[in-house]
Amino acid sequence: MSAAIDKRRLFAMIAKETRQILRDPATGLIAFFLPILLLFLFGYALNLDSTHTSIGIALEDESAAAQSLAGAYQNSRYFDVHMARTVQPLRDMMISDEIRGIVVIPQDFGKGYARGNPPRVQIITDGTMPNTANFTRSYAEGVLQTWLANEAADRGTSLEPPISLSLRFWYNPSLQSRMFLVPGAIAIVMTMIGTLLTSLIIAREWERGTMEAMMATPMHMAEFLASKIVPYFLLALVSMVLCTLLAVFVFGVPLRGSIWGLLAISAAYLMPALGQGLFISAATKNQFVASQVALLTGFLPTFLLSGFLFEISSMPTWIQAITYMVPARYFVPSLQSVFLAGDIWALIIPNIGILLLFGAGFFALCIRVTKRSLD
Amino acid sequence: MGGALKATIIKEFWALLRDPKGRITLVLPPMIQLVIFSFAVTLDVNNVDVAVLDRSGGSASIELIQQIEASPSFDEVKLLHSMEEVRRAVETQDVIAALVIEQDFDRDIVRGQPASVGVILDGRKSNAAQIVGGYLTRIAASTGAVVSGSPLASREASAPINWFNPNLEYIWFNMPSLLVIIVSVAGLSVTAQSVAREREMGTFDQLMVSPLTVPQILIGKMIPPFCVGLFNGTVYLIVAPLVFGVPFTGSLALFYLGLSAYLLSLIGVGLFVSSLSMTQQQAFLGSFVATVPVILLSGFSSPVENMPGWLQFITYGNPARYFLELSLGQFLKDMPAADVFGLLWPLLLIATITISAAGWLFRARME
Amino acid sequence: MTGDAHHRDAVARVSGLSKNFDGAEKPALSDVSLEILTGRVTGLVGPDGAGKTTLIRILAGLMKADGGEVEVLGGKPGRDLADIGYMPQRFGLYEDLSVEQNLQLYAEMRALPREDHDETFARLLKFTDLDRFRERLAGNLSGGMKQKLGLACALVKTPRLLLLDEPGVGVDPISRRELWAMVQDLLGDGSETGQMGVLWSTAYLDEAEKCDTVYLLSEGELLFEGDPARLTGSVDDRVVRLTGFEPRRRQVLTRMLDRSDVLDGTIQGRSVRLLLQDKDALKGESGFDVTPATPRFEDGFIERLGGGPKGTSALAERYRRIEPGSGPAIEAQGLTKRFGDFTAAHDVSFSVPYGSIFGLLGPNGAGKSTTFKMLCGLLTPTDGSGAVAGHDLRTSGGEARAALGYMAQKFSLYGELSVQQNLNFFAGAYGLKGSDARAAVERVTDIFELGDRLRTDAGTLPLGFKQRLALAAAVLHEPPVLFLDEPTSGVDPVTRREFWMHINGLVEKGVAVLVTTHFMEEAEYCDEITLIYRSEQIAGGTPDELKAEAAQMADLDDPTMEDTFIAMIEASDASRQESEAA
């Protein structure tokens, strides 16, 4: 075994690996089909903004005011309204998931309103889905407030509160969850290629007996690892560019940062992702076990613990501690920023630093476990 | 041939339980998912940091800041001194929101004029930002009532109530949904491995030259994942009320009926994938590709009605959609039998289709 | 030193080598010493699990020895890897790369100068006759071609030490013979390659005979070293052939093996071949003629191991007597299988009566597996029909499958299930219920001495026990027909004899057996053979008839079964070329 890395051997190994990538059906599936599937699912299926909700109105009062309020709900573009006289039939509809909320306009609403002291309108939500319940309640309250303000304006009084907030949502003024979900999906795709796909490749060499033949050549183990990293690194970047094109041109996600910012943070994330995949592969030497471990330590944490979908600060402290060990935690916010906010180097550079450290750690582990020995 | 079927079923159980790799898929993912999911998955927003740029500095603005600090939803309130600092804090995600209180804020309050505060929210997390916006609006309203000295100018015009989950506990939604997900993931991966493993181990031919018929072989392969699914479901049924305090209001019989129908339809999908795969590797990838849409289109991550129409149409073919509704209904809503049956027949229809398709493919791929 | 036949360098030297694996009962190697000289083929011989692969891996620097001295190319193993050619058991080929891409990869890995690439590849591809398949993916090559490509990759830069780990496993006799000739070519020309030393490991004892020096390993220990002729010589005049007897040959063999002065015996066509304790053991006995036979390396090996198993099969004794039906046990009529444009088997017909063994022989990929699979119901014939125990495979496949016992080439029981669980499953799968099933499992447990290992995972059994278990599972339901697909590849000769002792006994009870094999010695056990080549039946008959035909065809004197096989294939090739030319 020669001590130095030989450029010729390295290129030959990279060429071999690239040919295998191009022939392996798993590559096409994970690097191209799955990204498109994921992007479409996250772009379309995962919509956290309730734009159209079915509710019921229990109109217990027949007064003109009550009718007018019910009309306000019916005219709202947020709601599909089912009318009823009492709550009971609406409750059954809520149980069978036909409506998400009920607005009860009580019996003496009209009388009280005429006296300037209307009884409270009751807003009942289906608590089984808390996020939807919150949105339904906010929208239902909003319609009521607007109706009250309009009524007050008609009578020449103002209902403005002493302190009001004017909310401005930076980076995503139209508040579409797709804007942050699609970049998050790209992080998942990169994890799939970096960790899941690469976790299979050294294990495959062990299973097929080619590892043994390679180890009996003068190959340097560093060359071997490098030959695995380079092609998959490029493959992941190609897939990332594909995803970015889809994100921008199909899903209308803006790319406010530069392509360089995007490449820099993606390249930095691929270090720990590839390192982790190779480490799993070299440590398990079995494709099936490797894929399971990659799923549990790569895919799931990226999905759950990166802050992509679920707010890290809301998690229990001990889980927050775990999230610091998840490379995607540093990648997802940077990626969302590059797309929605721009090249915020103050955010990106520290994250790149941390990702490179993780990468170095994984590669060190890889070199430790990839021994040139069958013992 | 009762003996032959029994022998096949016993063999499949042993194959599942004695294979160390099989045990990994059986035990580890559900455990880890139980722990991480149940705590990490929440769309609630708590303990977030906000920033305040107070250019007014009067008693009203201080009152507002104190009210925010006192709220359990917020962790730290960072006092900043320039718009530049505000921009930086939001940009680097130091804070999710920043309040900008202008110089004339206290003056307006004193004069009894409506005062306004600008709030910048991080749209990169639009969901959390909207919720934070809601929190801040409520705090502003109550602060307004305090500082203006009047009773609420517009007193609460509505009384919100949440049925089935009065405090909107996220875990009440999470556990019944998680049950669906775990059952799906385990059911699909266990079934998908079964035929592929025989092919890879070289036992497939041995099986095919025995007098066992195709239905016997397939039933043998269906029973263990079915039992694994029932077991996982039962674990959640016990853990959810005992550990997480999630009520189970419905009927156990209806719940198990739904679970069984769901498992049958899943196992059909799993067997289909397995019959298609030549190696365990392909079976794994196949079950992964099948699992992702099953979960994302179930209504767990976001409600089905939020999806575009064409996608909602596709979800009618997804068995998880029906079972998620059934599980939530049985846990929280005491869903009556009539509604349950409305969800059962699509499940059984899907099961019939997927299992027949798997049987057909199994025969077709024998050569 | 070129041309100096007497002075040879050692390219590798091993002394007192030992190696242990965690959790193993016995050391993989204990106190093994060996020397590999230039210009010679050093044979490393022994059954699976003897320690051959471990020794080769230590020489290639892939494993560390626990004790003893190892010197490779004058230094530590693993130092001069560029000068070592290594062909691992599965050939080390990338199946998703083409033939040429595999060669290129290994050429670059071993730093073959670029300007030499074209010439070297051309030479190696011509040498291995793979030139036509340059662009073909290695995964789509036949077993024999993979083996040759594996050798070409190991030779891409002429090594000083060539390590070949069981290059003949699963490969037909023709390919094995060609590979052997290639290696001889490399050593024979006295040029640069003449300074190469070759270590050839094999489980085929007939290959050992051809080596210049042999190291015989068994369970990690050296049983013999030196010129194979020396081991063969030790049994020189004690190997005899019995002919001219009245009773069935299997009965004669059984009777002979039961005698204490007979160490070993096999069937050879119509005759029985015996290894005697003493050359005069059969003197003065009548009922047969005794002629001396050529001793083999295997005879010496069996003697070193203390002789073969005795003659009477406990399995057969407790087996039900099969009452022959009206028709043949197995019948193939015009079986044809096409996969798209490709015809894998064409118009194959034969019939096997009860109480006989029928052999399907042929090179890899010739169509014998296809035929075999059609007859046991794994493939549906495109044309023609097959029947097992009178049940047509198309109309009553279930009954046909219930009537046959099946034992496959690779160990194909459930490795992660225990022995007991495997047996229980197969008893159930073959329709045995309750007490019948228990009795059947107890019977085979007893016969095959599996009692101590009932709880062991089948996958961790030693190979010999796996083989017994596979046979036990196949005969639980006492089927009238047995299908054996390369049943003994890789097992040691003693276990193989034990296996055939059972099969011979079952045949005497009326069982019909269909067998495929690459061991030509096993073909001798058959009552009738059909030879399949290029999807067609090219010859058929008893072993003796085939040998006589081949002797005439190729002008051979007393050909072995392997000679016969090769002669017939060559004749078929020749006549095909003629008709193509015409």
Side-chain angles (χ1 to χ4, degrees), chain A residues 26 29 41 44-48 50 95-97 120-133 137-138 141 144 148 159-172 175 177 180 287-289 291-292 296 304-305 310-311 313-316 319 333 336 340-341 344 346-347, chain B residues 21 24 32 36 39-48 91-93 114-121 123-124 126-128 133 136-137 140-141 143-144 148 153-154 157-165 168 170 173 280-281 284 296-297 301-303 306-308 311 325 328 332-333 335 339:
Chain A
L29 190 71
L41 285 174
Y44 289 120
L46 219 67
N47 185 356
L48 296 175
S50 298
I95 288 174
S96 56
D97 266 10
R120 285 186 188 182
V121 170
Q122 196 169 44
I123 295 171
I124 303 168
T125 63
D126 178 353
T128 46
M129 292 188 167
N131 195 52
T132 311
R137 192 187 106 190
S138 303
E141 279 176 345
L144 178 62
L148 286 172
L159 266 182
E160 228 176 310
I163 300 178
S164 64
L165 300 184
S166 66
L167 305 183
R168 278 162 59 213
F169 292 89
W170 277 8
Y171 317 124
N172 180 10
L175 290 176
S177 50
F180 70 93
Q287 291 193 71
F288 180 75
V289 177
S291 58
Q292 294 292 327
L296 280 178
L304 295 172
L305 301 178
F310 308 107
E311 194 54 38
S313 60
S314 307
M315 298 174 188
I319 290 192
Q336 287 172 343
L340 300 177
I344 299 170
L347 180 76
Chain B
K21 289 189 233 158
I24 291 180
I32 294 185
I36 307 271
F39 290 107
V41 175
T42 169
L43 289 173
D44 281 348
V45 179
N46 289 310
N47 307 323
V48 292
E91 229 174 42
T92 57
Q93 302 201 326
S116 173
V117 173
V119 181
I120 295 158
L121 292 126
R124 281 168 293 185
S126 65
N127 194 60
L136 289 173
T137 308
T143 311
S148 65
S154 94
S158 62
I161 305 183
N162 307 300
W163 275 354
F164 315 124
N165 179 6
L168 294 186
Y170 214 84
F173 165 70
Q280 294 193 63
Q281 193 48 63
F284 164 77
L296 288 180
L297 296 177
S301 325
S302 72
N306 289 3
M307 299 172 193
L311 204 56
E325 201 177 320
L328 282 168
L332 304 178
K333 291 179 168 178
M335 188 182 264
D339 285 330

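All values below come from the heavy atoms of this structure, side chains included, with hydrogens, waters and symmetry mates left out. Numbered from 1 within each chain, the chains take letters A, B, ... in sequence-line order. This one's a predicted model, so the numbers in the text were calculated from it and none came from an experiment.
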Where do B:S126 and A:L175 come nearest, in terms of heavy atoms and distance? CB-CD2, 3.8 Å
ring-ring contact (aromatic ring centres under 6.0 Å, His included) involving A:Y44 - partner list, sequence neighbours excluded: A:F40, A:F251, B:W310
So for B:A140, is it side chain, backbone, both, or neither that comes closer than 4.5 Å to the heavy atoms of chain A? both
Go through the structure and list residues passing side chain to side chain donor-acceptor pair (under 3.5 Å) with B:N162, not counting sequence neighbours. A:T125
At their closest point, which heavy atom of A:F180 faces which heavy atom of B:R124, and how far apart are they? CB-O, 2.8 Å
So which atom in A:L167 and which in B:G133 form the shortest heavy-atom distance, rounded to 0.1 Å? CD1-CA, 4.0 Å
I'd like to know which of B:I161, B:T143, B:L297 tops the heavy-atom pair count under 4.5 Å against chain A. B:I161
Short question: side chain of B:S302, backbone of A:A45 - any donor-acceptor pair under 3.5 Å? yes
What distance do B:F164 atom CZ and A:T128 atom OG1 have between them, rounded to the nearest 0.5 Å? 7.0 Å
Side chain / backbone / both / neither for B:L296 at chain A, heavy atoms under 4.5 Å: both
A:P130 versus B:N165, closest heavy-atom pair with distance: CG-ND2, 3.9 Å
Tell me which of these, B:L311, B:I120, B:T137, B:L136, has more heavy-atom pairs under 4.5 Å with chain A than the rest. B:I120
Of the listed residues (A:L165, A:L347, A:L29, A:L296), which shares the most heavy-atom pairs with chain B below a 4.5 Å separation? A:L165
Could you pull out the closest heavy-atom pair between A:E141 and B:P160, with the gap in Å? OE2-CG, 3.9 Å
Heavy-atom distance under 4.5 Å between the side chains of B:Q93 and A:I344, does that happen here? no
Check B:A159 against A:R120 and note the closest heavy-atom contact, atom names and distance. CB-CD, 3.9 Å
Once rounded to the nearest 0.5 Å, what's the spacing between atom CD1 of A:I95 and atom CG of B:L328? 13.0 Å
Heavy-atom proximity to chain A below 4.5 Å, by part of B:F284: side chain
Checking B:N127 against A:E311 for the side chain to side chain contact (heavy atoms under 4.5 Å, CB included) test, could you report, in this order, the C-alpha distance in whole Å, the side-chain angles of both residues, the deciding distance, and whether it holds? CA-CA 10 Å; B:N127 194 60; A:E311 194 54 38; over 6 Å; no
Chain A contact via B:D339 - side chain, backbone, both or neither, heavy atoms under 4.5 Å: side chain
